[in-house]
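To start, the structure itself, in structure tokens.
Quantities reported herein were computed from a predicted structural model and do not represent experimental measurements.
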Amino acid sequence: MLTHLEIHDLLIIDRLELAFQPGLNVLTGETGAGKSILLDALGFVLGWRGRAELVRAGAKQGEVTAVFDLAADHPANAVLEEAGLPVAQELILRRVNTADGRKTAWVNDRRVSGDVLRALSERLVELHGQHDDRGLLNAAGHRALLDDFGGYSALLSAVRDAWSARGLAKKSLISAETKVRELRAEEDFLRHAVAELDDLAPEPGEEAALDARRRLMQGAERIREDVAKAFEALGTNGAEGLLSDAGRWLEGVSDRAEGTLDGAIDAIGRAQAELGEAQDGVMRAIDALAFNPDALEIAEERLFAIRALARKHDVLADDLSTFADDLRARLQALEAGDADLSRLTSELKQAEAAYDAAAQKLCDARRDAATRLDKAMAKELAPLKMERAVFNTAFGISEPGPEGTDTVTFTVATNPGAPAGPLSKIASGGELSRFLLALKVCLTADAEGLTMIFDEIDRGVGGATADAVGRRLSSLSDGTQVLVVTHSPQVAALGAHHWRVEKSVARDVTTSSVTALDPQDRVDEIARMLAGDTVTDEARGAARALLGAI
């Protein structure tokens, strides 16, 4: 419940403090006195988007403070906890707007964003403005209104989840189809390239090995003759024979040389061993240089084929094997594509079936809610002097979406035998106001802890009809809090608490003030509403009669 509203330097309000009460609170005053400014101020502190220029002329900043009394289980507490704000019985909202347009807000002295204010406002206040009937005229919002009334959020969530799953399944199928089409477009290339690579079967490092072998074979003829001469020079007709002769000659005379030849003989032995190793190395070289004359041509052909294939596919020769693996993987993906498409198609069908089932459950719930809403509206319209009017929730079929497959339109027939039609074409201004009141009553019947505000909900009606509207507002305020801005004396007379909004001009400065009315002041105010500028005794008598009829 809103208990206190304090406004400083906002529009034409200098300083204003209001202490609201439970039950029906009415605000009256001349047109332009500032009644709607109070609602603008309340909307500002609740984070609603409204006027851009709010600061009173000449002031540095405007400020609004609103105090709410919350029950321990009030829905606003969940918002406070989620935002990390302290939870207490008294909730204090304060918001400041500087002259340069900067806005700052606090909740229980903790600085918060406008989003937090708006989240709290959804749990604290329900505003029905004098142009709020436009929401009724817009059929695009009727489904959401019915869903709010129905209270089947779990079914709505299931439909949204099913729609999301359906979309993902469809996206996966489309992606797979696109991939398969791309692979099929290059299938001939893939098969030819893989066959070509498989036929050549290049190995990493093979190009370098072939190139080295090719260069070796190209130089073999030029060096083979010299290597053979070297082998001959190292053999028995060369160094080997000479060393052998020298060793034999020295050993023959060593026993007579008193040991002076021992070192030389040992050195010759070592030289013969080294010479043997040299002969083995030269022999191996001779064997390596011996090749089939066709081998060079074969090596060159393979080397050139590997290099040509690398250039063709714009990869390094050593990467041809990996490139071939990649091409084979793409071929395998193509061959597995049909199976994937079949699986994904089946998954999409399952997702569509799940969505259709969820949407049908939601549709059934909506139709059940529509029946309950139509019955509730019939009960609400009768006390509002519209007992012959028929409110009906009509259904149609829409394209599938996250909210299901239903279109919902509120239709009315205001007179017996008259065809039903959209509110915008059937209902008059006064009828729209009463339809709005009835619908809002139905939609907020289960809302807990809401302060309901009606801004000129009674416009376009008078006499007994205005009295009926006032009595419904009074009944609605039982156990809760309702604020009504009204020009109707019948509605004002039914208020439990009454404030008069007045505008005054002093030194060319216009300000608005609000006064709580005592019983006699209420008589005078309601008499003014009945008679106009000149309040007569008859008007006061009529005002007393209205107040006494409560």
>> Between Arg434 and Leu381 (side chain of the first, backbone of the second, donor and acceptor by atom type, cut-off under 3.5 Å), is there such a pair?
In response: no
>> With heavy-atom distances below 4.5 Å as the criterion, would you say the side chains of Ile92 and Thr65 are in contact?
In response: yes
> Under 4.0 Å between a Lys/Arg side-chain N and an Asp/Glu carboxylate O for Glu403 and Arg160?
Replying inline: yes
> Do Val491 and Leu473 pass the side-chain contact (heavy atoms from CB on, under 4.5 Å) test, and can you show the C-alpha distance, the side-chain angles, and the key distance before you say yes or no?
Replying inline: CA-CA 8 Å; Val491 174; Leu473 290 169; 4.1 Å; yes
>> A cation-pi test, strictly: NZ or CZ of Arg366 under 6.0 Å from the centre of the six-membered ring of Tyr152 and no more than 45 degrees from its axis. Yes or no?
In response: no
>> Looking at Glu347 and Arg343, is there a salt bridge between them, counting it only when a charged N and a carboxylate O are closer than 4.0 Å?
In response: yes
>> Any carboxylate oxygen within less than 4.0 angstrom of a Lys/Arg side-chain nitrogen, looking at Glu63 and Arg94?
In response: yes
> So does Arg522 pair up with Asp518, basic N to acidic O under 4.0 Å?
Replying inline: no
> Distance-only, no hydrogens or angles: does the Thr411 side chain make a donor-acceptor pair with backbone N or O of Gly421 under 3.5 Å?
Replying inline: no
> Of all heavy-atom pairs between Gly23 and Ser477, which one has the smallest distance, and what is that distance?
Replying inline: C-CB, 3.5 Å
>> Under the criterion side-chain contact (heavy atoms from CB on, under 4.5 Å), I'd like the reasoning laid out for Leu494 against Arg471: C-alpha separation, chi angles, the key distance, then a yes or no.
In response: CA-CA 7 Å; Leu494 290 161; Arg471 291 187 182 279; 3.7 Å; yes
>> A quick test of your reading: do over 12 heavy atoms of other residues, nucleotides or ligands sit less than 6.0 Å from CG of Asp109?
In response: no
>> Tell me whether Glu82 at atom CD has more than 12 heavy atoms from other residues, nucleotides or ligands lying less than 6.0 Å away.
In response: no
With a cut-off of 3.5 Å and sequence neighbours excluded, list every side-chain donor-acceptor pair involving residues 2-16.
unit_1, atom_1, unit_2, atom_2, d
Thr3, OG1, Val67, O, 3.1
Glu6, OE2, His8, NE2, 2.5
His8, ND1, Arg15, NH1, 3.1
His8, NE2, Arg15, NH1, 3.3
Asp9, OD1, Arg56, NE, 3.0
Asp9, OD1, Arg56, NH2, 2.8
Arg15, NH2, Glu17, OE2, 3.3

> For the side chain of Gln481 and the backbone of Gln21, is there at least one donor-acceptor N/O pair under 3.5 Å apart?
Replying inline: yes
> Is Thr371 reaching over with its side chain to a backbone N or O of Arg367, donor-acceptor style, under 3.5 angstrom?
Replying inline: yes
>> Between Lys361 (side chain only) and Leu155 (backbone N and O only), is there a donor and an acceptor less than 3.5 Å apart?
In response: no
> Quick one: do the Gln360 and Asp364 side chains pair a donor with an acceptor below 3.5 Å?
Replying inline: yes
> Can Gln89 and Asp69 be counted as having a side-chain donor-acceptor contact under 3.5 angstrom?
Replying inline: yes
> Just wondering, are more than 12 heavy atoms of other shown residues or ligands nearer than 6.0 Å to CZ in Arg388?
Replying inline: no
> Do the non-hydrogen side-chain atoms of Leu547 and Ile526 ever get within less than 4.5 Å of each other?
Replying inline: yes
>> So Leu46 and Leu93, do their side chains get closer than 4.5 Å, heavy atoms only?
In response: yes
> Are Asn25 and Val482 close enough that some pair of their side-chain heavy atoms sits under 4.5 Å apart?
Replying inline: no
> Can a salt bridge be assigned to the pair Lys349 and Glu352 using a cut-off of 4.0 Å between side-chain N and carboxylate O?
Replying inline: no
> Can a salt bridge be assigned to the pair Asp406 and Arg143 using a cut-off of 4.0 Å between side-chain N and carboxylate O?
Replying inline: no
> Can you tell me if Asn77 uses its side chain to pair, donor with acceptor, with the backbone of Ala72 under 3.5 Å?
Replying inline: yes
> Does one side chain, of Thr515 or Trp499, offer a donor that lies under 3.5 Å from an acceptor on the other?
Replying inline: no
>> Between Pro22 and Met1, is there a side-chain heavy-atom distance shorter than 4.5 Å?
In response: yes
>> As a quick check of understanding, evaluate side-chain contact (heavy atoms from CB on, under 4.5 Å) for Phe68 and Glu90, giving each step before the final call.
In response: CA-CA 6 Å; Phe68 291 84; Glu90 187 176 66; over 6 Å; no
>> Is it the case that the side chains of His498 and Thr28 hold a donor-acceptor pair, with the cut-off being a distance below 3.5 Å and no angle test?
In response: yes
> Side chains of Asp100 and Thr98: is there a donor and an acceptor less than 3.5 Å apart?
Replying inline: yes
>> Less than 4.5 Å apart, side chain to side chain, heavy atoms only: is that true for Leu42 and Val64?
In response: no
>> Tell me whether the rings of His142 and Phe410 are parallel (<30°), tilted (30 to 60°) or perpendicular (>60°).
In response: parallel
> Within the distance-only criterion (no hydrogens, no angle test), does the side chain of Lys103 pair as donor or acceptor with the backbone N or O of Gly114 below 3.5 angstrom?
Replying inline: no
>> Contact between Leu124 and Leu91 at the side-chain level, heavy atoms closer than 4.5 Å - yes or no?
In response: yes
>> Using the rule given for side-chain contact (heavy atoms from CB on, under 4.5 Å), can you reason through Val390 versus Val412, listing the C-alpha separation, both sets of side-chain angles and the distance that settles it, and then say yes or no?
In response: CA-CA 5 Å; Val390 176; Val412 295; over 6 Å; no
>> Side chains of Thr393 and Phe395, heavy atoms from C-beta outward: is any pair under 4.5 Å?
In response: yes
> If you measure from the Lys or Arg side-chain nitrogens to the Asp or Glu carboxylate oxygens, is any gap between Arg540 and Asp524 under 4.0 Å?
Replying inline: yes
